[in-house]
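Down below is the structure, laid out as C-alpha cells.
As a basis for the values below, the full set of heavy atoms in this structure was taken, side chains included, without hydrogen atoms, waters or symmetry mates.
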Amino acid sequence: MRGGALDFLRFLASLLIVLYHYGAESPMRIERFAQVFSRGFLATDFFLMLSGYVLGRAYGGSVLRGHISTPRFWARRAARVWPGHLVVLAMLAVLVLALNSFGTDAHKPSRFAWDQLPTQALLIHAWGFPSDGWNLPSWSLSALIVCYALFPTFWRGVSKIRHAWLLPLIGLAILTAFEVLAEVVFKHALADLQFQYGVIRALPLFILGVCLARTVDLRWPSERAAKGLLWGGVVLLVVTQPLDRYALPDEWMFDAPSLLAIAMIVLGAGRLPVKRPRAWIEEGAKLSFALFITHIFVGVIYWSAVHKLIDTVPIGIGWQWLMWLAGFPLAYGAAWLFHTYVDQPLQDRIQPLLRKSS
C-alpha cells in the first residue's frame, strides 16, 4: 500500500539529492555546517536499493508465474524512465542553445559538452562512456536500465533460497564483493566511482534490494523485529553521519555502516504494513522521479540568473541565502508541473500501448 514509510523515505531522499546538488550554489558551502550535507551519494544508494526492492514486491510474482517475459518487463520499465528523460534532456539542449545565442553561457558551461549528448540520450552513459555533464543525475537511470534487464534473472535466483534470513546476508556479501572490486580495479570506493561506471555501482545495491524484497515475501522478520530493524537503522545512520568520511583510514569504514543502516531501514519499513496511509506522502513519492530528473534544468535557469544578478548588483549575504532557499520551492513546483502536464500524460499514452502489444 502506498503512503507509508517507504514512500516518505523515497520523497525525503529525493529532497536530499536536490539539497546536495544545490548546496554548491549556496553563499557558503553548506557541508561546513554539518557533514550530512555532503552525503548526497547515500540518498542515491537508497534509491538504487529501493528500486530493486519495489520491483521485487511489484513484479516478483508475475515473473515466477510467467505472466511477464523479460523483454516485456524491460520494455515497460524503460518506457517508464526514457520519455521523461528525453524531454528534460531536449529542454536542456534548447536552453543552452538559447543562452549561447544571446551571447551568454549556461551556468558552469563546461558541463554541457555537445559530444556527450548522444550517450545521455541513449541512456548508455553509465556503461563506460565518459559523460559527467548535462542532466548529471541521469547516470543512475542509465545504470538501472541494465538492472531492469537482469531483474527477472535475479528474482528467479533469489526465489530458490528458502531460508529468509540468508537473503540479506547474500545481498550484503555481493555488495562487499563489488566494493573490493572497485578498490582493486578502480582504486576508489564504490560510492566514489566515476559516473561512467555507474552500472558497477548500481548492480550490487539493486541486487541487495531484490534480496530484501524476497525476504519480505517470505514474511521475515516478524513485525516486532521489523520495528527494531527500522529504528535501529535510523539510529545507526544518524550516529555515523557526523564522522568525517575522508579522515578515516578507509572510506569503507564510513560506507559500510551507512549502507547497513539503509538496508535495515528498507527491510524494516518494507516488512511493516501501512496502517495509516497518507495521501500527501504518496503524492510526494510520485513526484520524486520528476524532481530527480528536472531539478538540474531548473537549477541551470535559476542559478544562472542569480549569479548574474550577484555579479552586477551588490546584494547582502542575508538576501543571498534567501535567494538560495527560494531555489527549493521552485524546483518542487517545476517537478509538479512536469509530472502533471508532461510525464504522467506521456505514461498514460505509452503504457496502454505496451500492454496491447504484449
Side-chain angles (χ1 to χ4, degrees), residues 9-10 12-13 15-17 19-21 23-24 29-53 126 132 136-137 139-140 143 147 165-212 215 221 225-226 228-270:
L9 291 170
R10 181 183 179 188
L12 180 61
L15 291 179
L16 289 175
I17 289 175
L19 178 63
Y20 173 70
H21 288 148
R29 299 288 295 191
I30 58 174
E31 57 264 30
R32 294 183 181 181
F33 301 106
Q35 288 286 338
V36 69
F37 295 126
S38 63
R39 307 280 160 73
F41 70 93
L42 289 179
T44 302
D45 289 347
F46 171 77
F47 266 118
L48 295 170
M49 196 184 303
L50 187 63
S51 294
Y53 177 85
D132 57 358
L136 191 63
W139 72 265
S140 59
C147 295
W165 58 271
L166 270 177
L167 288 159
L169 297 180
I170 291 171
L172 290 170
I174 291 172
L175 179 59
T176 302
F178 270 77
E179 180 63 40
V180 173
L181 173 69
E183 294 279 2
V184 172
V185 177
F186 300 99
K187 310 302 180 185
H188 286 294
L190 195 64
D192 296 331
L193 289 181
Q194 293 175 288
F195 295 139
Q196 69 188 84
Y197 304 120
V199 171
I200 296 173
R201 177 178 170 188
L203 270 173
L205 292 162
F206 184 87
I207 293 171
L208 177 53
V210 170
C211 289
L212 297 179
T215 302
L229 279 172
L230 172 59
W231 291 110
V234 170
V235 170
L236 178 59
L237 193 62
V238 170
V239 167
T240 55
Q241 295 318 297
L243 298 175
D244 187 341
R245 181 172 180 258
Y246 299 104
L248 297 171
D250 193 292
E251 290 89 349
W252 185 238
M253 295 176 68
F254 172 86
D255 297 350
S258 296
L259 290 172
L260 175 61
I262 292 172
M264 291 168 64
I265 291 169
V266 171
L267 179 57

Selection residues 176-198 - residue pairs positive for side-chain hydrogen bond (donor to acceptor under 3.5 Å, both in side chains), sequence neighbours left out: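 Of all non-adjacent pairs touching residues 176-198, those that pass side-chain hydrogen bond (donor to acceptor under 3.5 Å, both in side chains) are D192-R245.
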Atom pair [atom1]/[atom2] of [X] and [Y] - distance to nearest 0.5 Å:
X	Y	atom1	atom2	value
D255	W252	CG	CH2	6.5 Å
I17	L136	CD1	CG	11.0 Å
L166	C211	CG	SG	10.0 Å
L175	L190	CG	CG	6.5 Å
F178	L193	CZ	CG	11.0 Å

All N/O donor-acceptor pairs, side-chain side in residues 234-244, below 3.5 Å, sequence neighbours left out:
unit_1, atom_1, unit_2, atom_2, d
T240, OG1, L236, O, 3.1
T240, OG1, L237, O, 2.9
Q241, OE1, R39, NH1, 3.2
Q241, NE2, L237, O, 3.1
D244, OD1, Y246, N, 3.2

For [X], enumerate each residue passing the side chain to side chain contact (heavy atoms under 4.5 Å, CB included) test, keeping only those at least two apart in sequence or located in another chain.
X	answer
A173	none
L19	L16, I30, F37, W324, F328
L169	W165

Residues in salt bridge (Lys or Arg N to Asp or Glu O under 4.0 Å) contact with R10, at least two apart in sequence or another chain: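 In terms of salt bridge (Lys or Arg N to Asp or Glu O under 4.0 Å), with neighbours along the sequence ignored, R10 is linked to no residue.
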Nearest atoms (heavy-atom pairs only) where S140 meets P137: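 Here S140 and P137 meet closest at OG-O, 2.9 Å.
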For A182 against A189, the heavy-atom pair lying closest together: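 Minimum heavy-atom separation between A182 and A189: CB-C, 4.3 Å.
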Just wondering, do [Y] and [X] contact through their side chains at under 4.5 Å, heavy atoms?
X	Y	result
L205	F46	no
L248	F254	yes
Y53	L208	no

For F195, all residues meeting ring-ring contact (aromatic ring centres under 6.0 Å, His included), sequence neighbours excluded: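 ring-ring contact (aromatic ring centres under 6.0 Å, His included) list for F195, sorted by chain: W139.
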OH (Y20) with more than 12 external heavy atoms under 6.0 Å: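 No, the 6.0 Å shell around OH holds no more than 12 heavy atoms from other groups.
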Let me have the donor-acceptor pairs involving side chains of residues 262-270, under 3.5 Å, with sequence neighbours excluded, atom names and distances please.
none

side-chain contact (heavy atoms from CB on, under 4.5 Å) assessment of R201 paired with F206: CA-CA 9 Å; R201 177 178 170 188; F206 184 87; over 6 Å; no
